[in-house]
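Shown next, in structure tokens, is the structure this report addresses.
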Amino acid sequence: MSKIQFPAWQRPHWQPGSEEILLQFYVFGKFQAGRAPSVDYGSEGLPEGMELTSHHHTALRQWEGYPLKGAVGRMFKEDAPEAYKLALDAPEVLVVRGRLPDAGDTGYLRDTLGVLAALLDVGGTAILDPQILTLFDANTWRQRYLVRDGAPIRNHLLILCDGEEQAGRHWVHTRGMRKFGRADISIRNIPERDIDRAGLLCERLVELEALGAHFTEGQSLDAEGLHGGLVAHLGGGDEDPDFNNTFVEFRWPD
């Protein structure tokens, strides 16, 4: 039976720049010896700039940044208890990570996801994607990413909606855009009635960025039905507590 292959799409809005793509995943399991069959998924292996390191889980637990402990570990246990148990019980952990130059297509993502899918075929039981704060069991990961003609861009990201300090106002924001070498999106001051509308706008903005677009400081954005539109403001960085990335922020008009 043929397996679904990951596509690589062109980024029509892309122009050469200094942006950097970051990918990082943890794969938990007990792995068979030999090369994982990533070619079955359209991948010739990890792209240049990515590395795979193998660790005994007992040793990894001693890392200061071990992802299954502390508040983050408790969040994974609450959100995905079955995947958390599979990950916690796994004797081995493969860490797949790297920084890549910005690219005009997503071949790098196809090749990396193909390796992850192949690792699930040779003993992987769970995958942690720390950029979107999500722990998957093998079947859930396959259902999300092994989609004929490719998973939608939003599946690669986390889109959140939180309350603002001002009553009745909300904040829609993303995590994970470093996978595309782009800033995350932040939309603030959203009234209750416009949450769905702002969420759809957020999806459209991340799709544009995933296709290579940039936003610049002070750039105006027309949005149907919003008087005066929206204006982009840039901020953040790798140490930003909300994004661990740069961000583009828009304020919904009062």
Side-chain angles (χ1 to χ4, degrees), residues 6-26 47 49-50 67 72 75 96-113 116 127-136 141 144-145 147 150-162 170-188 190 198-219 221 223 230-252:
F6 291 99
W9 66 84
Q10 296 297 313
R11 305 178 75 187
H13 306 304
W14 182 84
Q15 293 182 344
S18 60
E19 287 84 358
E20 192 174 53
I21 291 160
L22 175 67
L23 299 178
Q24 183 175 12
F25 305 93
Y26 296 83
M50 294 293 296
V72 174
M75 179 189 69
V96 179
R97 61 185 170 190
R99 292 180 181 269
L100 312 168
D102 195 18
D105 64 60
T106 60
Y108 68 90
L109 188 61
R110 171 203 61 206
D111 290 342
T112 303
L113 293 179
L116 296 181
I127 293 179
L128 170 60
D129 183 341
Q131 295 199 74
I132 61 171
L133 301 175
T134 305
L135 179 62
F136 302 94
W141 189 92
R144 181 165 173 140
Y145 294 108
V147 177
I153 289 169
R154 67 177 178 272
N155 283 23
H156 298 280
L157 309 170
L158 183 64
I159 300 179
L160 301 157
C161 180
D162 295 313
H170 300 269
W171 176 33
V172 170
H173 52 113
T174 68
R175 287 186 63 94
M177 284 303 297
R178 290 192 300 180
K179 296 176 184 178
F180 302 101
R182 292 294 179 268
D184 276 290
I185 297 295
S186 172
I187 307 175
R188 292 206 175 257
I190 305 163
L200 291 172
L201 175 62
C202 183
E203 284 194 28
R204 178 58 182 149
L205 295 177
V206 294
E207 286 176 1
L208 285 170
E209 287 195 308
L211 295 175
H214 293 88
F215 295 101
T216 57
E217 177 64 33
Q219 181 177 344
L221 181 70
L230 300 169
V231 178
H233 295 290
L234 309 185
D238 287 355
E239 302 305 316
D240 186 279
D242 293 317
F243 299 96
N244 297 116
N245 188 19
T246 58
F247 62 83
V248 183
E249 188 158 278
F250 302 92
R251 179 180 172 83
W252 206 264

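Small disclaimer: the values here were computed from a predicted structure and weren't measured. Heavy-atom basis, side chains included; hydrogens, waters and symmetry copies ignored.
- Put simply, the side chain of Val96 reaches to within 4.5 Å of the side chain of Met50, judged on heavy atoms.
- Side-chain atoms of Arg99 do not come within 3.5 Å of backbone N or O of Gly49 as any donor-acceptor pair.
- Ring orientation note: the planes of His156 and Tyr145 are tilted relative to one another, at an angle of 30° to 60°.
- Judged purely by atom type and a 3.5 angstrom limit, Gln131 uses its side chain to pair as donor or acceptor with the backbone of Leu22.
- Here the CZ atom belonging to Arg251 is positioned 11.0 Å from the CD1 atom belonging to Ile190, to the nearest 0.5 angstrom.
- Remark: Asp162 CG to Arg188 CZ distance equals 9.0 Å, nearest 0.5 Å.
- Under 3.5 Å, the side chains of Asn244 and Arg175 contain a donor-acceptor pair of N or O atoms.
- Summarising the geometry of Thr216 relative to Ala232, their closest heavy-atom pair is O-CB, 3.6 Å, with the distance given to 0.1 Å.
- Between Phe6 and Leu113, the closest heavy-atom pair is CE1-O, 3.4 Å.
- Judged by distance alone, with hydrogens and angles left aside, the side-chain atoms of Arg182 form no donor-acceptor pair with the main-chain N or O of His214 at under 3.5 Å.
- Counting heavy atoms from C-beta on, the side chains of Phe250 and Leu201 never come closer than 4.5 Å.
- In this structure, Leu221 CG and Leu208 CG are separated by 8.5 Å, a value rounded to the nearest 0.5 Å.
- Here the closest heavy-atom approach between residue Ala183 and residue Val248 is recorded as CB-CG2, 3.7 Å.
- Within the model, atoms CD1 of Ile187 and CZ of Phe247 stand 13.0 Å from one another, a figure rounded to the nearest 0.5 Å.
- More than 12 heavy atoms of other residues, nucleotides or ligands shown are found within 6.0 angstrom of CD on Glu217.
- To the nearest 0.5 Å, atoms CH2 (Trp171) and CG (Asp242) are separated by 3.5 Å.
- Electrostatic pairing of Arg144 and Asp129 does not count as a salt bridge here, judged by no charged N lying under 4.0 Å from a carboxylate O.
- Proximity of a side-chain donor or acceptor of Thr174 to a complementary backbone N or O of Asp184 within less than 3.5 Å is not detected.
- Shortest non-hydrogen contact noted between Gly150 and Pro7 is CA-CG, 3.6 Å.
- Judged by distance alone, with hydrogens and angles left aside, the side-chain atoms of Trp14 form a donor-acceptor pair with the main-chain N or O of Ala103 at under 3.5 Å.
- Residue Leu211 comes nearest to Gln10 through the heavy atom pair CD2-O, 3.8 Å, listed as atom of the first residue, atom of the second, then distance.
- In this structure, Tyr108 contributes its side chain and Lys179 its backbone to a donor-acceptor pair below 3.5 Å.
- Residues Ile159 and Cys202 approach most closely at CG2-SG, 4.2 Å, considering heavy atoms.
- Annotation: side chain of Val72 is not in contact with side chain of Pro67 (no heavy-atom distance under 4.5 Å).
- Using the six-membered ring where Trp is involved, Trp9 and Phe180 have ring planes that are tilted, between 30° and 60° apart.
- For the atom pair His13 NE2 and Glu209 CD, the distance stands at 11.0 Å (nearest 0.5 Å).
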